[in-house]
Q: 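The structure that follows is given in the form of C-alpha cells.
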Amino acid sequence: MLLIDRDKELDRILALIRSPKDAALIIIGKQGTGKSRLLAEIPQLHHHRTVFLRANAAESHWPYSGLTALLNGLDDPILSQFSEELFKSSTPGIEASAFASLLLGGLQRRTTVRTVIVIDDVDELDPSSQTVIGFLARRLAGTGLTCIVSMREESNNSPFAHLPSMTLSNLGPSETVRMLESIPVQRTSTAEIHYVAAVTHGNPLAAKELYGYLMELQLRGKYALPVPLHWKSSFDSELETSIAGLTRFGRDALDLLSLTYRTSLSTLEKISSDLWSGVDELLTAGIAVSSGPDIRVQDQLLRSHVVAAMSATARTANHQALADATESTDPLSRHWHDTFLTAQRETSFSLLRCAVDLVRAGETQFAVEYIERALTINPWEGETAARLATIAEMFYKRGEFVYAKRYLDWAQRITRNRSLTLRLCGLNFQIEFMRGSTVRPYMVLRLVKEFGHLDPSYSFCLLSIAAIYHAERWELEDARDLLAHAEAFVAVASSEALAVNSRAKLLVEAVSGRRNHVARIDNVPEDSSAASLLLQGRALTYAEDYTGAREVFNFVRNLGEVSDTNWTETARYFAADNEIRSGNFRAAVRLIQEIDTSESAGNYHRGARNASLLWRSLVLGDDALTQICLTEARRFASSESHPAVAAQLAACQGQFALMRGDLAEALAQLTRSAEIGLNFGNPALLRGEADLVEVLVRLGRHRDAVRALSRLEKRANGLNSRWLTLSIARCRALVADGERSLELFGNALEIWQSHDPVFERARTILCYADRLRALGSTADAKDFYHRAKVLFDESGASAWMRHVDSLLLGEPAESSSAPRNPALMLLTDHERSLAQMVARGRRNKEIAASLYVSVRTVEVRLTGIYRKLGVQSRSQLSALVMVKDHAEHRSDESEFSLFT
C-alpha cells in the first residue's frame with residue numbers, strides 16, 4: 001500500500017537526519033494513523049545506518065528488555081559491556097538514572113558513523129527502558145545519533161514529554177480514496193471507496209480493514225453495504241475501553257443511538273425519561289453530538305462496534321422500542337426500524353422514498369444508509385430500478401457523481417424497461433460530460449436511435465446537452481450533427497429544453513468565431529435557468545465580450561438557490577477561462593486557486609482543471625508545481641484522447657517558453673499546438689499561432705514566419721475577433737524589416753481600443769521595444785519596456801513583469817535574485833525567491849497572498865527548501881540567504897546595463 005499524503009512529515013524527518021545537530025523527534029498518532037508505515041519509510045530517505053526497533057508488548061513487564069534489544073541492534077563494542085551488565089545483573093531494578101548516565105558516556109565515546117535509531121511504539125516498552133531512552137533522547141549531542149520514536153499519545157509525566165514532536169493526523173477524503181484505490185482487488189467500486197473514506201474519517205488502518213471486509217462480502221455475493229456497519233476490527237478493544245466508564249443509562253442511550261444514523265431527542269424521551277441522563281453523559285464525553293432536535297453518534301467506528309457487541313435479541317428489542325416511539329411523530333425513522341422487524345417488499349420502497357428527501361436536503365451519508373438498507377432487502381426488482389434512477393438523478397444534480405454512478409449502474413443491471421434504460425444511459429453520459437471524460441457522438445446517437453422514440457422530450461434534451469459538450473471540446477461538426485438530430489424531437493420539447501437547445505446553437509456559433517453579437521445578461525429573459533445563463537456567458541466569452549461574460553458568471557455563482565449544483569460549479573471554470581482570455585491574470589489566478597482548494601471542484605471538467613492549474617503554475621513561475629501539473633495534465637490528455645486539452649497544454653507551454661527565451665522548446669510546443677489547432681477552425685480558440693510567428697522571427701526563420709502569418713490571416717478571414725485583429729497586426733510588424741516594421745508597430749498600437757485586453761497591448765509594446773533595441777534606439781526601447789511593464793502589472797502578469805525587468809537589467813530572468821551563498825544554487829529560481837521572502841521577515845500567510853497560492857502550498861515549498869539546504873528553521877534559512885535590497889546591491893552599477 002502506498003504512503004499517501006505524508007510528504008510534509010517525511011521532509012521534516014529528513015531535515016532532522018541531515019541536520020548537523022544530534023536530536024530526537026517524537027511522532028504521535030492514534031491507532032491506525034500510519035506511524036509504523038511512516039517509520040518504515042525512513043531508511044529509504046538517507047544513506048546512514050538505521051537501527052530499527054519495534055516494541056514487543058509481551059516483554060513490557062521485563063525490566064530493560066527494550067533497551068537490551070536496542071543495544072544489541074547498535075552492535076557497538078563499547079556499548080556491548082552495558083548490554084552484558086544488564087543481562088548479568090541479579091538485581092531486578094537497576095537504578096535507571098545511574099545506568100543512563102553511564103550509557104550516555106559510552107555513547108559519546110563511540111567513533112562509528114552517524115546512526116539513525118527508529119523505535120516504533122516506544123510507549124509499549126518496559127518502563128525502565130522508556131526512562132533510559134527518554135533520558136538519552138534529550139542529551140544526544142556528540143553521540144552521532146538521531147532518534148525518532150513513535151507513540152500513541154504524550155502525557156506530561158512521560159519520559160519523552162516536551163521533546164520535539166510531530167502529530168500524525170488522519171488523511172483527508174481524497175487522500176483516503178487514493179490510498180484505497182492503490183490496493184489491488186479483483187472487483188472494486190468507487191462508491192464503496194468513498195463510503196469507507198467517509199465512515200472511517202481517513203484513518204488509514206480502519207479504512208483498509210473496512211474496505212477489505214466489504215470486498216469479502218462482495219465475493220460472497222452481498223453487494224449492498226451492511227448498514228449499520230457491524231464488523232470486527234483491530235480497534236474493538238480500544239473502542240470498548242473508551243466507553244467502559246459509561247453508566248448504565250449512558251450505555252443504554254448509546255445502544256439506541258447506534259442503531260440509526262440519527263435519532264430525535266423526543267423519541268428517546270418517549271422510550272424512557274431515564275435516558276436523559278445518559279444522553280447528557282454522551283454529549284459531555286463527546287461520544288454523541290446534537291444538531292437541532294436530533295442527536296447522533298459522532299464516531300462511526302464506535303457506532304459499528306456497539307452494534308456488533310449487541311446480541312441479536314437486544315438489537316431487535318431496541319429497534320422495536322424505537323419503532324413504537326416514532327410511529328406517529330417521525331415516519332422517516334419508523335420506516336427504518338420497521339425493516340429490521342419485518343423486512344417486507346413495501347418497506348424497502350418506503351426507505352427509497354425517504355432517501356430522495358434526504359438527498360434533496362444534502363444529507364448524503366444518511367441517504368446512503370437508507371438506500372443500502374433497501375437494496376439489502378429488495379435488490380433485484382424492477383420497481384427498485386425506477387426508484388434508484390430517481391435517486392441517481394438527485395445525486396447527479398448535487399454533484400455527487402460517485403453515488404449517482406453506483407445507483408444508476410445498479411438500476412441498469414435490473415431494469416427491463418427500455419424507456420428507463422434511455423434515461424439511465426443518458427444520465428451516465430451526462431456524468432461523463434461533467435467529469436470531462438470522452439463520450440463519442442456516435443454513442444449518444446446510437447442510444448437515441450434505438451430508444452429515443454420512447455421518450456422524445458428527454459432525447460431532445462440529451463442531444464442538446466451532448467452538442468454543448470462537443471462545442472466545448474471545439475468539435476463543431478459533431479456538435480452540429482447532434483443538433484440536427486435533435487430537430488426530429490423539437491415538437492415535444494419542454495420550454496426549458498428549448499432554451500438549452502437555443503443556447504447550444506448560440507455556443508456553436510460563438511466557438512466558430514462567426515457570431516457578430518451575443519446578448520448580455522440584461523437582455524436575457526428573467527425566467528432563464530442557471531444552465532441557460534451559463535451558456536449565454538460562455539458564448540459571450542467566445543465572442544470576446546469579457547465584461548458581459550463576467551457579469552453572467554458572477555450572477556450564476558451568487559445565485560442563492562440552484563436546483564442543479566453542476567452549473568454553479570461549471571461557472572467557476574468558465575469564469576477563470578474568461579479572465580485568462582481577457583488578460584486579467586490576477587483575477588484568473590484567484591479563481592483557479594478557488595478551484596484548486598475546493599473538494600467539489602475536483603469532480604468537474606478534469607481537462608479544463610488540469611490546463612488551468614498548469615497555466616497558474618507557469619504564471620507564478622513555480623517550476624516544481626509546473627512539473628506536477630504537467631504530468632497530471634499529460635496523463636489525462638493521453639488517456640481521454642482530448643485534442644483540445646492537448647493543444648491548450650502545448651500552446652500554454654509554448655508561450656511561456658517563448659517568454660523565457662527557450663526558443664527550441666517554444667517552437668516544438670507551438671508547432672504541435674498549431675497542428676492540432678487546424679482541426680478547430682477558429683484560431684482565436686488556442687491563440688498560439690501568433691506566438692509561433694514570433695518564435696520563428698526570433699530564430700531568424702523569416703520565410704517560415706511569413707508562411708505562418710499567411711496561414712493565420714487566411715484562417716482569420718471572415719471571423720469577428722478583436723484578438724485576431726490585434727495579434728495579426730503585431731505579427732505583420734514582426735515579420736517586416738527596418739523602418740517599415742516600426743511603422744507597422746505604430747499601426748498595431750493605434751488600433752487598440754479601451755475594451756481590448758491590456759495584456760495583448762503589453763505584448764505588442766514589448767515586441768516593439770525589442771525591435772527598437774535591435775535597431776539601435778536604446779533610449780526609446782527603454783521607455784517602451786517600462787510601458788510594457790506597467791501594463792503587465794495592470795493585468796497581473798507577474799512572470800512577464802519579471803521578464804521585462806530582466807531585459808532592462810541585461811540579464812536572464814531571475815538573475816537579479818542570484819544567490820550570494822553558493823549553497824543556494826541547490827534551489828530553483830522560484831525556491832530562491834521564496835527563501836528571500838522568508839529572509840525579509842514575511843509570514844507564510846503574506847507570502848501565500850502575494851503568490852496567489854494557499855498557505856499549505858507555501859509550507860510544502862518551504863519544507864522542500866529546508867530539506868535541500870539542511871536547515872530546520874526560518875532563522876537558519878534567513879541567515880543562509882543574507883538578502884540585501886536589490887536596488888542597494890546595484891547602486892554602484894549602471895541602472896540599465898542593456899543600453900551601455
Side-chain angles (χ1 to χ4, degrees), residues 22-40 42 49-76 78-108 110 115-140 143 145-168 205 234-235 237-238 240-242 244:
D22 303 322
L25 176 67
I26 314 299
I27 298 175
I28 302 171
K30 294 181 179 179
Q31 180 183 2
T33 50
K35 301 185 297 297
S36 300
R37 182 68 184 84
L38 180 69
L39 294 182
I42 292 177
R49 183 188 176 209
T50 302
V51 176
F52 199 99
L53 174 63
R54 178 171 283 110
N56 184 353
E59 298 179 356
S60 60
H61 300 294
W62 299 354
Y64 297 107
S65 59
L67 184 60
T68 54
L70 176 60
L71 294 176
N72 289 336
L74 286 169
D75 192 23
D76 186 275
I78 296 177
L79 303 180
S80 296
Q81 58 180 317
F82 295 97
S83 180
E84 292 172 3
E85 182 177 341
L86 288 175
F87 278 118
K88 293 178 180 178
S89 175
S90 59
T91 307
I94 305 175
E95 185 64 36
S97 58
F99 184 79
S101 298
L102 292 173
L103 183 56
L104 178 61
L107 289 172
Q108 292 173 338
R110 290 173 68 248
T115 302
V116 178
I117 296 176
V118 180
I119 306 177
D120 193 11
D121 292 328
V122 70
D123 49 348
E124 293 187 10
L125 293 177
D126 61 279
S128 302
S129 295
Q130 289 190 50
T131 301
V132 174
I133 296 173
F135 174 86
L136 297 175
R138 303 174 192 280
R139 298 164 178 83
L140 292 177
T143 62
L145 297 177
T146 296
C147 185
I148 302 170
V149 303
S150 71
M151 60 173 58
R152 291 196 180 181
E153 58 183 18
E154 184 182 19
S155 60
N156 290 330
N157 57 357
S158 166
F160 303 93
H162 310 303
L163 280 169
S165 63
M166 174 175 67
T167 301
L168 278 189
L205 179 59
S234 58
F235 295 81
S237 59
E238 181 178 319
E240 185 60 37
T241 301
S242 68

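A quick note: this is a predicted structure, and the numbers were derived from the prediction, not measured. The figures that follow rest on heavy atoms only: side chains count, while hydrogens, waters and symmetry mates do not.
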Q: Without swapping roles, check the side chain of Glu154 against the backbone of His162 for a donor-acceptor pair under 3.5 Å.
A: yes

Q: Donor-acceptor pair, Arg49 side chain versus Leu74 backbone, under 3.5 Å?
A: yes

Q: Picking from Asp121, Ile28, Val149, what satisfies side chain to side chain contact (heavy atoms under 4.5 Å, CB included) with Lys35?
A: Asp121

Q: For Ser155 and Ala161, work out which heavy atoms get closest and say how close.
A: O-CB, 3.4 Å

Q: Can you measure from CZ (Phe52) to OG (Ser36) and round to the nearest 0.5 angstrom?
A: 6.5 Å

Q: When rounded to the nearest 0.5 angstrom, what distance separates NZ in Lys30 from CG in Leu168?
A: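 Taking NZ in Lys30 and CG in Leu168, the distance rounds to 12.5 Å.
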
Q: Any chance you could measure Glu124, atom CD, to Ile119, atom CD1, to the nearest 0.5 Å?
A: 13.0 Å

Q: Roughly how far, to the nearest 0.5 Å, is SG of Cys147 from CD1 of Ile133?
A: 7.0 Å

Q: Can you see which heavy atom on Phe235 is nearest to which on Gly32, and at what distance?
A: CZ-CA, 4.1 Å

Q: Find out whether Tyr64 and Val132 are in side-chain contact, i.e. whether some heavy atom of one side chain is under 4.5 Å from a heavy atom of the other.
A: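 Sidechains of Val132 and Tyr64: in contact.
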
Q: CG/Leu39 to CZ/Arg54 distance, rounded to the nearest 0.5 angstrom?
A: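 Leu39 atom CG to Arg54 atom CZ measures 8.0 Å (nearest 0.5 Å).
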
Q: Just so I know, are the side chains of Ile148 and Ile27 near enough to count as touching, which here means a heavy-atom distance under 4.5 Å?
A: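 Ile148 vs Ile27: side chains touch.
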
Q: Taking the side chain as every heavy atom from C-beta outward, state whether Leu163 and Arg138 have any pair of such atoms under 4.5 Å apart.
A: yes

Q: Side chain to side chain contact (heavy atoms under 4.5 Å, CB included) with Leu140: which of Leu145, Leu104, Thr146?
A: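 Passing option: Leu145.
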
Q: Keeping the roles fixed (side chain from Gln31, backbone from Ser234), state whether a donor-acceptor pair exists under 3.5 Å.
A: yes

Q: What pair of heavy atoms forms the shortest contact from Asp120 to Ser150, and how long is it?
A: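 Closest approach of Asp120 to Ser150: OD1-OG, 2.7 Å.
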
Q: Going from CG on Leu67 to OG on Ser129, what distance comes out if it is rounded to the nearest 0.5 angstrom?
A: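 Going from CG on Leu67 over to OG on Ser129, the span is 5.0 Å.
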
Q: Are any non-hydrogen side-chain atoms of Thr143 and Leu136 less than 4.5 angstrom apart?
A: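 A side-chain contact is absent here, since even the closest heavy-atom pair is not under 4.5 Å.
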
Q: Provide the closest heavy-atom pair for Ser60 versus Pro127 in the form atom of the first, atom of the second, distance.
A: O-CD, 3.6 Å

Q: I'd like to know if the side chain of Gln130 and the backbone of Asp123 have a donor-acceptor N/O pair within less than 3.5 Å.
A: yes

